[in-house]
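Below is one structure, written out as structure tokens; comments come after it.
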Amino acid sequence: MAEPIHLTTAIFYCNGTPHVGSAYEALAADVFARCQRRRRGRAQVSFLSGTDEHGDKIRRAAIAEGLTPKAYTDKMSVLFRDAFAGLNIDLDYWVRTTDAVHEKFVQQMLLATRAQGNIEFKEYEGLYCVGCERFYTEKELLPGNLCPTHNTPVELIRESNYFLKIDRFREQVRDLIKRDQLLIRPERYKNEALNMLAEPLSDLCISRPKARMDWGIELPFDGNYVTYVWYDAFWAYVSEPASRLGLDEFMRDRWPHTEHFIGKDILKTHAVYWPAILMAAGLPLFRSLNVHGWLNFGGSRMSKSSGNVRDPVTYEQAFGPDVLRYFVMREVVYGLDGDFSEERLTDRYNADLANDLGNFTSRVLAMAQRYFNGEITQVPKLESAADATDLIGTAAHKLSACFGVDGAALDRKVIAAVDNLDFKGALETIWQTLDAANKYIVATAPFSLAKDPEKMPQVAQILANLLEALRVIADALEPFMPVTARKIFAMLKVDDATARLPYGEGLKPGHQVNPPVALFPRREKPAAA
RNA sequence: GGCGGCGUAGCUCAGUUGGUUAGAGCAUGCGGCUCAUAUCCGCAGUGUCGUAGGUUCGACUCCUACCGCCGCCA
């Protein structure tokens with residue numbers, strides 16, 4: 001049996017509504033998860049996401065809306081969960097850091113960490129920015145002791161807090177990253193992480209005095225404090241599954257095969273603090289960090305202040321299911337920043353989805369209907385002659401090569417690309433197959449042969465080959481476009497098991513397919529802004 | 001200040017250890033087909049490969065400087 005694997009998105013801080021950027025991360029992880037499920041079986045994959053709901057910013061956002069923090073996060077968390085559900089992100093766990101199970105688990109980890117002697121209580125004094133909710137060193141500040149992000153004066157605060165002695169784990173973490181035991185990819189981020197671990201780390205503050213901020217999890221060993229929100233949120237990756245499966249079992253079987261999907265902005269916390277936090281609690285580490293870039297909008301950073309935040313659900317409703325999924329996976333190189341705009345979305349939609357995928361589906365099913373009333377009368381079999389010199393032989397061979405001698409080559413290539421986080425490459429491979437299939441139609445011209453009754457067996461063979469190609473293409477597409485794949489399977493009238501078979505083993509003579517239904521009607525481009 | 005990345009066709013980008021006429025997709029133009037969602041197929045391009053030097057028989061590919069953009073660390 002394949003080893004179990006645990007996949008996570010970051011835990012989203014829910015002081016604002018979900019936008020296309022947060023959706024992008026969850027979409028990449030979802031495509032990855034679906035590929036893993038195909039390989040390992042559903043039970044062997046746990047895919048987790050959720051909302052980070054403590055801390056001062058949440059508390060203040062709640063006050064601004066006249067709600068209690070809990071009521072506010074109840075509302076916000078559902079917004080995220082529903083947005084992801086609307087994008088067909090198929091989660092096994094939806095964790096909220098205000099869930100009782102989670103809070104209890106964090107307290108358990110705090111006790112374990114303290115028992116290992118990795119927590120220190122000490123008094124210190126520092127320059128604090130209320131807006132940032134953090135302390136600054138003098139050289140980080142702007143002239144006049146102003147906060148670099150808020151441009152407001154910082155306050156000198158003296159207080160006592162609990163600290164994690166993280167530097168004692170630094171060498172070990174650095175070594176693991178260097179040897180790819182803790183894999184950080186793409187590689188550029190591995191180098192950045194190693195850089196961050198080159199200098200000694202100062203103790204990590206993990207508490208906040210309730211007197212200053214009480215919206216958090218109470219420390220089990222000191223009722224005057226709550227945990228600092230960052231520390232609390234990391235454990236969302238672990239709390240619910242560990243509680244459900246048993247901590248020891250989860251840590252032994254599944255946790256070491258964990259892949260975190262995160263944005264580049266939280267690389268430091270995940271490459272430096274999180275491993276140290278786990279070690280300080282006496283727990284094993286996860287396997288890898290899959291770091292993505294930002295999704296910009298029309299060339300500039302998507303942010304609430306610039307007012308160009310885009311709601312993913314809007315696009316899902318306007319363009320139809322799977323379109324946003326397709327766009328971000330096809331357009332963005334994982335790890336690098338990408339650009340999102342309605343114009344580019346429309347271009348991709350028309351060129352790739354309407355013209356290529358949609359039209360191919362339509363023409364093949366229409367011919368099957370027109371010439372044979374939807375019945376398949378031949379066994380799909382592409383003549384594969386590498387030495388073919390004529391147009392038909394060459395086209396047949398090229399299409400056949402996409403599926404390989406065992407009929408499973410497309411699936412293999414897609415899975416390999418996704419393993420490598422090359423979502424774009426995976427889709428390009430599928431589209432090359434679509435391209436080869438369109439060329440095969442032109443080369444064989446079944447619509448011309450059909451004018452001669454004696455050539456109908458040939459036409460039947462060509463259509464059987466094409467319908468089978470459509471089936472395999474839809475199957476390869478399923479992790480990326482689950483709704484579309486299901487629509488195609490419905491038109492082809494194949495069940496789930498048949499849908500997954502290699503080329504040549506799926507559709508059989510006597511099988512009846514449905515007439516086409518347009519998958520992606522062409523769209524007018526938005527008026528130039 | 002330290003480290004690193006990027007700058008290739010109108011747009012988005014590929015270009016492997018330096019080697020024949022620098023590639024793909026989209027957009028553009030022309031031709032073909034008509035099964036199909038005015039779709040599909042073929043052909044045609046266009047580029048001083050950021051700038052200036054250097055190494056080499058030969059550099060987009062290596063070295064140096066500079067210009068521009070960006071990231072991380074401090």
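Below, chain A is the first sequence line, B the second, and so on; all start at residue 1. We use all heavy atoms of the structure for the numbers below, so side chains are in, but hydrogens, waters and symmetry mates are not.
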Exercise. Nearest heavy-atom pair of A/V472 and A/L501: which atoms, and what distance?
Worked result: CG2-O, 4.4 Å
Exercise. Considering residues, nucleotides and ligands other than A/K508, do more than 12 of their heavy atoms fall under 6.0 Å from its NZ?
Worked result: yes
Exercise. According to the Watson-Crick and G-U wobble definition with distances under 3.5 Å, which dot-bracket string, read 5' to 3', encodes RNA chain B, using [ ] for crossing pairs and | for pairs with another strand?
Worked result: (((((((..((((.....[...)))).(((((.......))))).....(((((..]....)))))))))))).
For this session: Using the C1' atoms only, state how far B/C41 lies from B/C49, rounded to an integer number of Å.
Result: 31 Å
Exercise. What is the distance from CG of A/D265 to C1' of B/C73, rounded to the nearest Å?
Worked result: 16 Å
For this session: Ignoring hydrogens and angles, tell me if any N or O in the side chain of A/R344 forms a donor-acceptor pair with the backbone of A/E331 under 3.5 Å.
Result: no
For this session: Could you point out which residue of A/V328, A/N88, A/V20, A/T9 forms a side-chain contact (heavy atoms from CB on, under 4.5 Å) with A/L27?
Result: A/V328
Exercise. Is atom CD of A/Q378 surrounded by more than 12 heavy atoms (other residues, nucleotides or ligands) closer than 6.0 Å?
Worked result: yes
Exercise. Please give, in whole Å, the distance from B/C69 P to A/W294 CH2?
Worked result: 18 Å
Exercise. What integer distance in Å separates A/D339:CG from B/C70:P?
Worked result: 15 Å
Problem set entry | Sugar-phosphate or base contact per nucleotide [nucleotides 34-41 of chain B; S, B, -; heavy atom under 4.0 Å] | SBBB-SSS
Problem set entry | Rounded C1' spacing from B/C73 to B/G10 in Å | 38 Å
Problem set entry | Between C1' of B/C26 and CZ of A/R330, the distance in whole Å | 10 Å
For this session: Step through the shown structure and confirm whether more than 12 heavy atoms of other residues, nucleotides or ligands are within 6.0 Å of NZ on A/K264.
Result: yes
Problem set entry | Whole angstrom value for the distance that separates P of B/G15 from CD of A/E428 | 11 Å
Exercise. Which pair of heavy atoms, one from A/Y228 and one from A/C205, lies closest together, and at what distance?
Worked result: CD2-O, 3.6 Å
Seminar exercise, completed: Contact check, residues 460-485 of chain A vs RNA chain B, heavy-atom distance under 4.0 Å, returns none
Problem set entry | Row check, A/F480 ring normal vs A/R325 NZ/CZ: under 6.0 Å, within 45° | no
For this session: Look at A/R34 together with A/D30 and state whether they make a salt bridge at an N to O cut-off of under 4.0 Å.
Result: yes
Problem set entry | Rounded distance in Å between the C1' positions of B/G23 and B/U46 | 14 Å
Seminar exercise, completed: Result for ring-ring contact (aromatic ring centres under 6.0 Å, His included) between A/F261 and one of A/F423, A/F286, A/Y24, A/F32 points to A/F32
Problem set entry | B/U48 versus B/C43 - spacing of their C1' atoms, nearest Å | 27 Å
Problem set entry | Which residue lies more 5' along RNA chain B, comparing A/V333 with A/K264 via nearest heavy atoms | A/V333
Exercise. Closer to the 5' end of RNA chain B via nearest nucleotide, is it A/A193 or A/D352?
Worked result: A/D352
For this session: Within residues 412-425 of chain A, find the residues that approach RNA chain B with a heavy atom at under 4.0 Å, and present them sorted by residue number.
Result: none
Problem set entry | Span that lies between the C1' atom of B/C69 and that of B/G32, in whole angstrom | 45 Å
Exercise. Can you check the A/K268 NZ to B/G71 P distance for me, whole Å?
Worked result: 17 Å
Problem set entry | Heavy-atom pair with the smallest gap, counting every atom of A/I488 and A/A474 | CG2-CB, 3.7 Å
Exercise. Is there a side chain to side chain contact (heavy atoms under 4.5 Å, CB included) between A/R523 and A/N350 once you walk through the steps?
Worked result: CA-CA 7 Å; A/R523 293 178 63 94; A/N350 283 334; 4.1 Å; yes
Problem set entry | Nearest-Å distance once atom C1' is located in both B/G54 and B/G18 | 15 Å
Exercise. Quick one: A/L197 CG to B/C72 C1', roughly how many Å, whole number?
Worked result: 13 Å
For this session: Count the heavy atoms of every other residue, nucleotide or ligand shown that sit under 6.0 Å from CD of A/E454, and state whether that count exceeds 12.
Result: no
Exercise. Given atom CD of A/E343 and atom C1' of B/U12, what is their separation to the nearest angstrom?
Worked result: 12 Å
Seminar exercise, completed: In 5'-to-3' order, the base (B), backbone-only (S) or no-contact (-) status of each nucleotide in nucleotides 3-8 of chain B, using a 4.0 angstrom heavy-atom cut-off, is ------
For this session: Please step through side chain to side chain contact (heavy atoms under 4.5 Å, CB included) for the pair A/K190 and A/E187, ending with a clear verdict.
Result: CA-CA 5 Å; A/K190 169 183 170 179; A/E187 189 152 21; 4.2 Å; yes
Problem set entry | All ring-ring contact (aromatic ring centres under 6.0 Å, His included) counterparts of A/F12, not counting sequence neighbours | A/F80, A/F84
For this session: Would you check, one step at a time, whether the test side-chain hydrogen bond (donor to acceptor under 3.5 Å, both in side chains) holds for A/R522 with A/N355?
Result: CA-CA 8 Å; A/R522 275 187 71 86; A/N355 295 353; 2.8 Å; yes
